[in-house]
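Per chain, numbering begins at 1; letters A, B, ... match sequence-line order. What's counted below: heavy atoms across the whole structure, side chains too, no hydrogens, waters or symmetry copies.
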Amino acid sequence: MVDHPPLNKISRRTALALPLGLAALSGTIFSNGFAKADEPVRGGTMVMIVQPEPSTLAHYAVTAGNIPPIATQIYEGLVTYDWDQNPQPNLATSWETAPDGKSITFKLREGVVFHNGKRFTSADVQFSVMEILKKYHPFAPLLLAELTGVDTPDEMTAVLRLANPAPYLMKGLAGRDLPIMCKSVFEGTQILQNASANKPIGTGPFKFGQWDRGQFVRLDRNDKYWKPGLPYLDHIIARFIPDAATRSAALETGEAHFAGYSAVNYADLARMKTNPILDTTMKGYEMTPALSVLELNAKHPPLDKKEVRQAIAYAIDRKVILRDVMYGYGKPATGPLSSLFKTVGFYTDDVRKYDVPDRLDIANKLLDGAGLPRGANGMRFGMHLEVNSFGEQWLRQAEYLKQALAIVGIDLTLRSEDTATWLRRVYTDYDYDINEPFLSQGVDPVYGLNKQYLTSQIRKGVTFVNDSFYANPEFDGILNEAMREQDHDKRAVLYKKAQQILAEDCPLVWLIDVQYVSVFNRKLRDHTTGPLGTQQAFERAWLET
Amino acid sequence: MWQGFARFARNRMALFGAAVLLCLLLLVVLTPVIYPDDPFKLAGPALQPPGGSFLLGTDTLGRDVAAEIAYGARTSLIVGVGATLAAIVIGAVAGGVAGYYRGMTETVLMRITEFFQTIPAFIFALLIVAILSPSVSSEIIAIAAVSWPSIARLVRGEFVSLGGREFVQACAGLGASDARIIFNHMLPNCASSIIAVGSLLIGTAILLEAGLAFLGLGDPNVMSWGLIISAGRAVLRSAWWICTFPGVAILLTVLGINLIGDGLNEALNPRLRER
């Protein structure tokens with residue numbers, strides 16, 4: 001922690017800013033200052049906490065939640081999204097889907113240049129999508145499955161050709177999911193070994209400056225950004241602080257301005273809310289739905305019986321998990337889709353409800369009915385629960401689950417192993433009864449539902465796919481139809497049906513609809529400007545002086 | 001030996017240690033009576049401060065901290081005593097054989113012992129538990145595996161010094177078997193040193209166990225002091241009691257055991273008798 005001049009400079013500057021600001025306050029500012037306080041100010045350095053430090057900045061080849069907060073400042077997408085999740089012009093100025101849904105034509109923005117000075121054209125779109133993302137992006141087998149090619153009739157027009165209609169594609173065109181790279185940087189090189197992997201070159205409001213491993217990434221203002229007058233900030237520093245208590249302290253002392261994605265311990269949030277220089281927001285995660293769930297291995301009796309799986313779903317009091325494990329952030333999950341999909345009309349809670357007042361009676365009846373009477377010790381049968389190794393909140397949840405299931409006579413034994421062993425046991429060896437993962441659902445039901453429940457997604461050795469052996473041809477048919485249906489309302493009807501079938505068959509137990517939280521310094525303004533929150537550019541963020 | 005215990009009883013610090021250990025044993029014996037329920041049971045509202053309906057308050061899930069500590073004491077003692085006994089058996093055999101036969105046997109056994117001593121104990125224990133998957137028995141194995149070298153070196157040293165003594169040579173001269181000489185004559189003669197060092201090992205083993213559980217490598221189905229502290233760490237600034245009381249329990253137990261160990265050492269070690 002000795003030799004990083006940029007950081008020293010910053011803390012000194014922030015330390016100076018406070019007394020100066022107070023001096024100004026005592027003077028004239030009360031007369032007309034506050035009206036002006038909402039006018040953005042140019043300059044300043046924003047410090048954001050990113051946790052944990054990314055292992056790479058190769059945003060086009062690796063999906064990890066800690067990469068986009070940095071990478072989306074540099075790489076932009078064809079569109080951005082407004083608060084209603086409608087696409088808005090960005091690198092593309094307009095777009096049109098063909099009547100048969102098998103092609104989307106994008107008109108591109110003139111006058112955009114990459115950080116290396118190269119002009120942005122349709123060739124960059126074609127190369128990024130076909131040669132980089134389609135080949136190397138982990139989501140490509142889903143997001144770009146129908147994509148057959150990109151035509152470039154002229155320099156400012158790109159046409160995405162599709163084998164079948166892919167209406168979900170319009171939700172995944174932001175910089176987070178479909179970043180646009182510079183063709184001349186990658187052409188003729190090994191994509192994954194490209195020099196720009198950790199020195200990204202894009203069109204975004206900030207340029208890559210420096211990465212001091214273990215300390216920070218510095219991003220510098222792109223003076224040639226295509227949005228006139230933007231960005232307001234001179235620099236963004238992404239700091240990496242492994243210790244949770246130190247992260248909280250950095251925010252509380254004003255050393256850091258922003259921490260997204262629950263980089264702050266939920267347990268500390270109550271205290272931070274009473275800090276006058278800090279505020280919190282739950283906005284900016286509308287397109288980042290996630291559920292915590294229990295996966296039930298249907299190959300392990302008696303979990304092959306629907307009644308037993310339903311009884312487990314009834315036996316759990318989600319409010320206790322929400323209150324005591326998640327510190328109140330989130331809501332009880334009602335079914336297989338996050339309630340965030342309500343905005344776009346795909347979510348329904350008109351399904352079998354497990355959070356009902358007489359749930360314990362129902363659970364006991366179901367287990368009795370399944371031919372599993374209580375033995376001498378009050379237990380019906382024993383099962384192992386694999387404890388999620390991504391943090392200790394999951395051990396707390398496991399401890400609660402053991403208590404909750406004991407009430408209905410299911411004797412859980414907890415098994416905690418290191419991450420590699422745990423993932424191999426669950427997704428490769430299938431040597432588990434109950435697993436407690438955390439599932440990101442992506443921007444469209446296609447991502448969350450298809451990979452988790454389709455029969456074709458029972459893929460030995462692939463993590464976070466269908467490992468509960470759910471196989472329902474009727475359900476598969478509905479999902480495949482919904483994937484290609486272009487009419488939004490018809491899709492909504494199909495997904496409603498899909499959710500009802502899943503809730504009834506209960507291949508998984510859905511626990512908590514997760515809510516992330518951002519903590520920010522009140523001096524930092526306009527930081528969360530859309531539903532992608534920390535995973536989109538901070539070009540309009542500015543610091544009060 | 002009995003004179004030794006009389007000398008032990010005159011040592012006030014050692015008596016204090018013995019009193020602490022007695023209280024702990026009493027707690028372990030009475031736990032099923034005082035707290036008949038599972039210590040993992042959600043007993044009441046979460047994060048109740050101590051002094052209300054729960055003597056030592058409740059933790060983040062609403063479990064009774066007092067009950068958790070009582071059950072944790074049992075785990076600590078089982079692991080502490082179990083690991084120490086295992087370490088003594090392995091160490092005494094390795095050290096005894098090396099010290100009795102000398103020569104090549106000694107060289108090989110002592111190099112193995114030193115090899116184990118060069119690996120940082122806690123990290124080695126972490127590795128063993130991670131490989132065996134966390135449970136009480138794997139904790140005992142791991143802690144025994146990192147504790148036996150000190151016993152082995154001690155026993156070897158004692159055997160080397162005993163080996164030239166007349167009573168040992170007399171036994172050999174009378175045709176006693178090696179096993180008889182080792183177990184009936186030599187081991188009893190270094191029992192006092194083993195007891196003194198072994199009692200100190202129990203304290204170390206309890207600390208190691210708490211450390212393993214704190215890092216999430218304890219048996220998740222068994223309550224332990226380290227587990228309570230690791231669960232309460234996140235709320236340390238708002239609910240001090242969750243970490244504090246098990247911390248105090250660890251402190252008192254390890255202190256008590258170390259005082260007993262020191263007392264035994266002074267009482268049984270002839271070189272320290274005159275003090």
Show me, pair by pair, the donor-acceptor contacts under 3.5 angstrom made by side chains of residues 41-56 of chain B, not counting sequence neighbours?
from, atom 1, to, atom 2, distance (Å)
B:Lys41, NZ, B:Asp37, OD2, 3.3

A:Tyr266 versus chain B, the contacting section by heavy-atom distance below 4.5 Å:
neither
Donor-acceptor pairs are to be reported for all side-chain atoms of residues 202-213 of chain B against protein atoms at under 3.5 Å, with residues two or more places apart or in another chain.
from, atom 1, to, atom 2, distance (Å)
B:Thr204, OG1, B:Leu200, O, 3.1
B:Glu209, OE2, B:Ser224, OG, 3.3

Kindly assign one of parallel, tilted or perpendicular to the pair A:Tyr261 and A:Tyr285, based on the angle between their ring planes and the thresholds 30° and 60°.
perpendicular
Suppose we screen for salt bridge (charged side-chain N to carboxylate O under 4.0 Å, His left out). Which residues come up paired with A:Asp355, at least two apart in sequence or across chains?
none
Pairing of A:Asp513 and A:Lys331 as salt bridge, 4.0 angstrom limit
no
Would you confirm whether the ring centroid of B:Tyr71 sits within less than 6.0 angstrom of the ring centroid of B:Tyr35?
no
Counting heavy-atom pairs under 4.5 Å with chain B, which one of A:Thr421, A:Thr413, A:Asn265 comes out on top?
A:Thr413
Per-residue contact mode, A:Leu412 against chain B (heavy atom under 4.5 angstrom):
backbone
Looking at B:Leu251, I'd like to know if its CG atom is crowded, meaning that more than 12 non-hydrogen atoms belonging to other residues, nucleotides or ligands lie closer than 6.0 Å.
yes
Part of B:Asp38 lying under 4.5 Å from any heavy atom of chain A:
side chain
Atom group of A:Arg396 that falls short of 4.5 Å from chain B, counting heavy atoms:
both
A:Ser292 and side chain to side chain contact (heavy atoms under 4.5 Å, CB included): which single residue from A:Gln397, A:Gln393, A:Arg318 fits?
A:Gln397
Is A:Asp411 paired with A:Arg380 through a side-chain N to carboxylate O contact shorter than 4.0 Å?
no
Under 4.5 Å from a heavy atom of chain A, the part of B:Ser230 involved:
both
Quick one: which residues of residues 400-409 of chain A reach chain B at under 4.5 angstrom, heavy atoms only?
A:Tyr400, A:Lys402, A:Gln403
